[in-house]
Structures are given as structure tokens and as C-alpha cells.
Amino acid sequence: MTVIEPAPRHAPAAVPSLAARTGAVGGSPVRDILAVTARPEVINFAGGLPAPELFDREGIAAAFRDVLAETPSAALQYSTTEGEPSLRTGLAARLSARGLGTDADDLLGTTGSQQGLSLLATALLEPGDTVLVEDPCYLAALQVFGLAGARVVAVPGDADGVDPAALEELVARERPKLFYTVPTFQNPTGRTLPADRRAAVADVAARRGVWIVEDDPYGELRYDGEHVPWIASYPGAEDRTVLLGSLSKVMAPGLRLGWLRAPAALRRACAVAKQAADLHTPTVNQLAAARCLGALDTHVARVRDVYRERRDAMLAGLPAALPEGSSWNRAEGGMFLWARLPESYDTTELLPEVVRHDVAYVPGAPFYAGEPDRATLRLCFVTQTPEEIGEGLRRLGEGLRSAGAGA
């Protein structure tokens with residue numbers, strides 16, 4: 001009988017390396033801070049989380065019960081990539097009522113508006129393409145563009161937002177594929193781009209040939225002032241603006257429901273990208289959300305009243321909490337205030353000492369595509385009650401004074 005000797009054992013070969021872009025793009029500092037500050041005693045101004053006690057739990061639960069009782073086969077089945085017609089019809093009606101005429105077929109349903117941003121990067125960007133962003137910019141957008149291999153260039157601005165003249169100069173010089181903006185209650189600064197600048201941005205896009213990606217997760221959360229039209233509604237922007245929307249901040253983020261409004265060719269390209277990503281957004285979530293749209297205006301009005309009170313509580317407490325020489329904005333809506341400490345402060349270095357006082361914020365530096373302003377920080381005011389905000393700001397003041405004394 002022939003005996004077959006086992007082959008000699010060798011050290012296993014190394015597996016192929018990860019894609020280079022995964023090493024070039026770090027994780028979210030906000031998520032990292034939330035993990036560190038998960039202790040219940042911490043008053044956390046770092047997250048961008050809506051207040052969970054304000055979710056319409058009964059209304060959403062009833063919608064799911066009705067959907068599963070009345071149309072279980074459809075609710076639990078695969079659906080179209082474009083999204084459930086009932087939800088897209090309802091969302092289109094809401095957009096039209098707010099001044100942007102929209103049909104259901106103009107919309108692509110997405111698994112949160114964050115997915116919409118990723119789909120756009122897939123459909124529009126080649127490695128090495130240039131993207132223009134606000135300065136500072138929504139952090140997860142910087143991650144999306146980095147993973148796409150794009151070259152990200154910040155457009156200068158001021159307390160009112162991006163400078164259209166600077167935008168035009170950069171478009172002419174850099175020849176970008178797109179300009180990404182959160183013009184209403186921006187994350188992280190809370191600022192809102194005025195109507196005249198929106199018209200100017202639309203004009204730059206029309207004359208220079210660039211896509212505008214207009215992200216609007218917070219627009220319905222207005223506490224003061226008048227509604228400012230979307231950039232997408234201005235002349236010249238109609239065929240080159242993508243509007244991203246979400247139900248996360250006005251209904252519930254756990255549903256992961258958003259939408260993308262775009263010209264037909266780009267919308268189709270994003271649908272193909274979505275087919276490769278997740279086939280479609282969960283059917284049962286879409287059908288339940290469609291049933292909740294009828295009561296959404298009433299719910300949002302209640303949320304706005306509560307959030308307005310919380311914003312005012314934070315504004316009232318900031319003068320005593322922050323060092324002399326600090327400045328901050330008064331956001332007309334949204335979820336965030338943006339503060340700047342005196343020049344000598346580095347909010348990243350100060351954060352560990354502040355967290356020891358059981359309070360947290362997000363340092364401003366990670367939000368910058370270019371040279372960061374290290375004295376800045378973002379504060380979310382919607383998750384805590386006015387009493388908790390007052391206590392949190394007292395702790396913040398103690399932490400900053402302690403860190404300053406130890407410097």
C-alpha cells in the first residue's frame with residue numbers, strides 16, 4: 001500500500017491588504033466621543049441625536065401594526081429600488097407645499113440621507129476628482145468624499161456661510177465635480193445661508209458648470225425667522241442641484257429613511273448604485289412612515305416648541321460657562337450651536353479634562369477640510385432638558401477653568 005506523506009506545513013501567506021483609501025480616512029471623532037462618554041452620568045452635548053422622549057412612539061407603533069395587519073405580504077417582501085410609491089408621493093407633496101414643485105418620480109428613496117450622499121459619490125466621482133465643501137463641513141460628508149478618493153477643497157466663508165465670490169474663484173481654478181453644502185442650520189455651525197447668497201451660488205453653478213449637493217436634514221426645525229427657499233428652487237440650479245432629505249430628525253433616525261431629489265439621469269445612476277448597495281430600503285419601514293406623514297406637521301410643531309426652549313436655555317447659560325473673550329452664534333433652528341474660545345485654547349486638548357467633569361462637546365477641528373480652527377467646538381442642545389443643559393454648562397465651565405488652571 002502506498003503511503004502518501006502529508007505536505008510540509010508552511011507559514012500561512014498574508015492576505016491582501018486593505019484598500020489604501022480605508023487607511024487614509026479615519027473613523028468619526030463624534031462616534032468615538034460618544035463611545036467614551038456613554039456613562040449615564042455624563043451630560044453629552046457631543047451627539048447630534050434627536051430627543052428620544054419626543055418620538056411619536058404610539059403613532060409609529062400603530063403604523064407598523066396596521067401595515068403588518070393589512071398588507072403583510074407587501075410589507076415583508078422585496079420592493080423597488082426607487083422606493084415605495086406611497087412614501088415618495090407623500091414626500092413629494094411636502095416638498096411641493098414648501099415651494100419646490102416635486103413629483104414622486106423625482107425622488108429616490110434612500111436608507112437615510114447619508115446613503116444618498118454615498119450614492120452620489122459613487123455616481124459622480126472618480127478618484128482624484130475635486131469636491132468643494134463649506135469650511136467647516138459636515139464630518140460624515142468628508143468621510144464619504146475621502147473614501148471616494150476625491151480631493152476635498154474648502155470654500156472660505158463667514159458667519160453667514162459660504163462666500164459666493166470665493167466659490168466662483170475656486171470653481172474656475174479647481175474645476176470641481178460638485179459643491180456640497182448644508183445651507184440651512186448647518187452641521188456643525190448652525191448657520192443659515194441667506195437668500196441672496198443662495199441665488200448667487202445657483203448662478204455660479206449655472207455659469208460655471210458644477211453640481212450642487214444641497215443637504216437638508218434640519219430645515220423643518222426652524223424656531224425663529226422665515227423659511228429660506230432651497231438652492232434647488234433658484235433659476236439656473238434646476239438641472240444641476242441634488243436635494244437630500246431625511247426623516248431622521250423629524251420622525252425617528254432608527255427608521256433610516258431619506259430621499260434624494262435629482263435630475264433624471266443622475267437619479268437613475270444613483271438607483272443603479274443603490275441596487276449594488278442594498279437593493280432597496282426596508283419596505284415595512286417605508287410603508288409605516290408613509291402612514292405617519294399625515295400627522296407629521298403636528299408632531300414637528302411640538303418638537304420645534306421643545307427644541308426652541310432648549311436652544312434658549314443653552315444660549316442663556318453660555319456666557320457663564322465659556323471663558324471671557326469667547327463667541328458663539330444664535331442658530332435660528334436645527335440642533336447645534338458653534339462656539340469659539342479665545343485663541344490660546346485648543347478644544348481637542350481640553351476635552352479629556354472636561355469629560356472628567358461629566359460633560360462633553362465635540363472639538364471643532366475634525367470638521368475642517370483645510371487648516372482647522374482649534375479653538376472651536378460644537379454643542380448639541382436638543383437632547384437634554386433645560387435643567388440638564390444648565391447643569392451641563394455649569395460642569396463645562398468648571399472643566400474649562402480646571403483645564404486652564406492646569407495649563
Side-chain angles (χ1 to χ4, degrees), residues 95 98-102 106-108 110 113-126 129-138 140-142 144-145 148 150-157 160-187 189 191-219 227-246 258-270 369:
L95 292 173
R98 294 175 65 198
L100 184 62
T102 303
D106 295 329
L107 303 178
L108 171 67
T110 59
S113 63
Q114 184 67 31
Q115 186 190 51
L117 193 54
S118 295
L119 297 178
L120 287 168
T122 300
L124 287 175
L125 298 177
E126 303 284 358
D129 282 345
T130 298
V131 169
L132 301 184
V133 300
E134 299 164 310
D135 204 31
C137 176
Y138 171 48
L142 297 178
V144 167
F145 299 140
R151 175 173 170 266
V152 181
V153 177
V155 182
D160 284 331
V162 68
D163 177 358
L167 174 66
E168 178 155 22
E169 180 182 338
L170 284 169
V171 170
R173 187 175 76 217
E174 304 291 345
R175 299 182 65 83
K177 277 284 186 70
L178 64 87
F179 167 55
Y180 172 78
T181 176
V182 185
T184 306
F185 316 137
Q186 193 231 22
N187 181 359
T189 65
R191 66 194 181 194
T192 294
L193 192 68
D196 60 339
R197 294 199 189 187
R198 295 182 188 221
V201 168
D203 181 62
V204 170
R207 289 186 294 103
R208 293 290 186 175
V210 66
W211 285 102
I212 301 170
V213 177
E214 181 178 12
D215 201 351
D216 185 38
Y218 312 106
H227 169 70
V228 186
W230 286 291
I231 296 173
S233 67
Y234 283 88
E238 301 94 333
D239 64 345
R240 61 200 61 209
T241 301
V242 183
L243 179 65
L244 298 175
S246 173
W259 64 91
L260 178 156
R261 182 189 186 276
L266 178 54
R267 191 174 64 251
R268 285 193 295 269
C270 289

Let me see the working for Leu108 and Leu119 under side-chain contact (heavy atoms from CB on, under 4.5 Å), right down to the final yes or no.
CA-CA 11 Å; Leu108 171 67; Leu119 297 178; 4.2 Å; yes
Across all chains, not counting sequence neighbours, the side-chain contact (heavy atoms from CB on, under 4.5 Å) partners of Asp216 are Arg98, Thr184, Trp230, Leu243
Do you know the tightest heavy-atom contact between Arg198 and Val228?
NE-CG1, 3.3 Å
Please list, chain by chain and in numerical order, all residues satisfying side-chain contact (heavy atoms from CB on, under 4.5 Å) with Ala369, sequence neighbours excluded.
Val133, Leu142, Val152, Ala154
Could you check Leu167, Asp196, Val210 and say which one makes a side-chain contact (heavy atoms from CB on, under 4.5 Å) with Val201?
Leu167
For Tyr180, check ring pair (Phe, Tyr, Trp, His ring centres under 6.0 Å) against everything at least two apart and list the hits.
Phe145
How would you list, by chain and number, every residue that makes a salt bridge (Lys or Arg N to Asp or Glu O under 4.0 Å) with Arg151, sequence neighbours excluded?
Glu174
Return the CG to SG distance between Leu124 and Cys270, rounded to the nearest 0.5 Å.
6.5 Å
Sequence neighbours excluded, the answer for salt bridge (Lys or Arg N to Asp or Glu O under 4.0 Å) partners of Arg267 is none
Apply side-chain contact (heavy atoms from CB on, under 4.5 Å) to Arg208 and list each qualifying residue two or more places apart in sequence or on a separate chain.
Glu168, Val171, Ala172, Val204
Report the residues that fulfil salt bridge (Lys or Arg N to Asp or Glu O under 4.0 Å) with Asp239, sequence neighbours left out, ordered by chain and then residue number.
none
How close do Leu117 and Val144 get, counting heavy atoms only, and between which atoms?
O-CG1, 3.8 Å
Run the side-chain hydrogen bond (donor to acceptor under 3.5 Å, both in side chains) test against Thr181 and tell me which residues pass, sequence neighbours left out.
Glu134
For the side chain of Gln186 and the backbone of Thr189, is there at least one donor-acceptor N/O pair under 3.5 Å apart?
yes
Not counting sequence neighbours, which residues clear side-chain hydrogen bond (donor to acceptor under 3.5 Å, both in side chains) with Ser118? List them please.
none
To the nearest 0.5 Å, tell me how far Arg240 CZ sits from Ile231 CD1.
13.5 Å
Mind checking the CG-CG spacing from Leu107 to Leu260? Nearest 0.5 Å is all I need.
8.5 Å
side-chain contact (heavy atoms from CB on, under 4.5 Å) with Pro263: which residues, sequence neighbours excluded?
Trp211
Across all chains, not counting sequence neighbours, the salt bridge (Lys or Arg N to Asp or Glu O under 4.0 Å) partners of Glu169 are Arg173
For Tyr138, all residues meeting side-chain hydrogen bond (donor to acceptor under 3.5 Å, both in side chains), sequence neighbours excluded
Gln114
